[in-house]
2 protein chains.
Amino acid sequence: MLFTHMVERNDTDQLSAILKAASEPNRRAILTLLAQNGPMKVTDIAARFDLSLNAISKHIKVLEAAGLASRRTEWREHLIEVQMGPLSQIENWFADLRSIWALRLDALEAALLEEDNND
Amino acid sequence: MLFTHMVERNDTDQLSAILKAASEPNRRAILTLLAQNGPMKVTDIAARFDLSLNAISKHIKVLEAAGLASRRTEWREHLIEVQMGPLSQIENWFADLRSIWALRLDALEAALLEEDNND
DNA sequence: CTGTCATTCCCCCAAGTGGTTGACTGACCT
DNA sequence: AGGTCAGTCAACCACTTGGGGGAATGACAG
């Protein structure tokens, strides 16, 4: 098996979700904030941004849906924590793409060598 | 300088564009196809998908805008080529995030040790 | 001169996105 | 009982997005 991270059909949806979630600057900022500070309450996160609590709440839900954040609800206080794990799916996809690319270049080089031998 | 890839304000837009462009399954498929086959004409790319030529043309423009593909126009034939370079911006962002995260854990551990000494 | 070809450009549509404001929930504190 | 507080839900708005169809372009072939 050449491509160790070979993506199964089911995973592509999650990969799409992860990339899309990460494509929004505010959401990336939230992830950074959580990485710095550890678990935070929704309100405290919102306080760092020039956005309504509601908007932040929605962003967090998107991050959760993508698996990039998790929530520990302690009555009305929701502690949000960053989840680094799923981000590696991006790396895996990237690594696969690079493998495919390198494979083609290798084949190309081999073909050129073959041609040299026939001269 | 701790974070070697520290993202400047100007870069975040491009990073967003890259992530967003890559978040669409069809666009990822196009990238894979190009990585496998090398430069291809728009029509030939479209032939591999169950989408209109128009849709493919638009997807390619998104990839171009994100810097993930480039175009070499030879009269009416446009040769599209994948560009792996910009993808590393994703890796850089990821590495930075991970650094920030690890930094917090280190600080946490240090604090615990300090506490131990005071016991 | 009339097609054909590869591709873009323009217009249309349905669905999704980021953002807002306002109402709701339910324990806790006077 | 009545207010506060953390957070979600619901409705709404402007804008974008992914997709389609069709016309336009401009060299080249018959």
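Here is the naming used below: chain letters follow the sequence lines, and residue numbers restart at 1 for every chain.
With rounding to whole Å, B:F49 atom CZ is found 14 Å from D:dG18 atom P. Taking atom CD of residue A:E77 and atom P of nucleotide D:dT4, one finds them 19 Å apart after rounding to whole Å. Between the CD1 atom of B:I60 and the P atom of C:dA6 there is a distance of 14 Å, rounded to whole Å. Residue B:K61 contributes atom NZ, which lies 13 Å from atom P of D:dG18 at whole-angstrom precision.
In the set D:dT8, C:dG19, D:dG20, C:dG19 carries the atom at the smallest distance from any side-chain atom of A:L51.
Remark: B:K41 pairs with B:E77 by the salt bridge (charged side-chain N to carboxylate O under 4.0 Å, His left out) rule, at least two apart or across chains. Residues satisfying the side chain to side chain contact (heavy atoms under 4.5 Å, CB included) test with B:R98, not counting sequence neighbours, are A:M84, A:E91, B:F94. Checked against side chain to side chain contact (heavy atoms under 4.5 Å, CB included), B:A22 has the following partners two or more places apart in sequence or in another chain: A:L19, A:W93. Applying the side chain to side chain contact (heavy atoms under 4.5 Å, CB included) criterion to B:A17, with sequence neighbours excluded, gives B:A66. With sequence neighbours left out, B:R48 forms a salt bridge (charged side-chain N to carboxylate O under 4.0 Å, His left out) with no residue at all. Residues satisfying the salt bridge (charged side-chain N to carboxylate O under 4.0 Å, His left out) criterion with A:R104, sequence neighbours excluded, are absent altogether. Looking at residues two or more places apart in sequence or on another chain, you find a side chain to side chain contact (heavy atoms under 4.5 Å, CB included) between A:A55 and A:L51, A:S52.
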Taking N or O atoms only and anything under 3.5 Å, show me the protein contacts with nucleotides 15-17 of chain D, one pair per line.
unit_1, atom_1, unit_2, atom_2, d
D:dT17, OP1, B:K20, NZ, 3.4

Pairs under 3.5 Å (N/O, protein and nucleotides 25-30 of chain D):
unit_1, atom_1, unit_2, atom_2, d
D:dA27, O4', B:W75, NE1, 3.4

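Judged as a salt bridge (Lys or Arg N to Asp or Glu O under 4.0 Å), not a single pair has a partner in residues 16-40 of chain B (not counting sequence neighbours). For the salt bridge (Lys or Arg N to Asp or Glu O under 4.0 Å) condition, the pairs that include at least one residue of residues 50-70 of chain A, sequence neighbours left out, are A:E64-A:R71.
For D:dC5, neither phosphate oxygen OP1 nor OP2 lies less than 4.0 angstrom from any side-chain nitrogen or oxygen of A:K41.
Of the residues in residues 52-59 of chain A, those with a non-hydrogen atom less than 4.0 angstrom from any atom of DNA chain C are A:S52, A:N54, A:A55, A:K58, A:H59.
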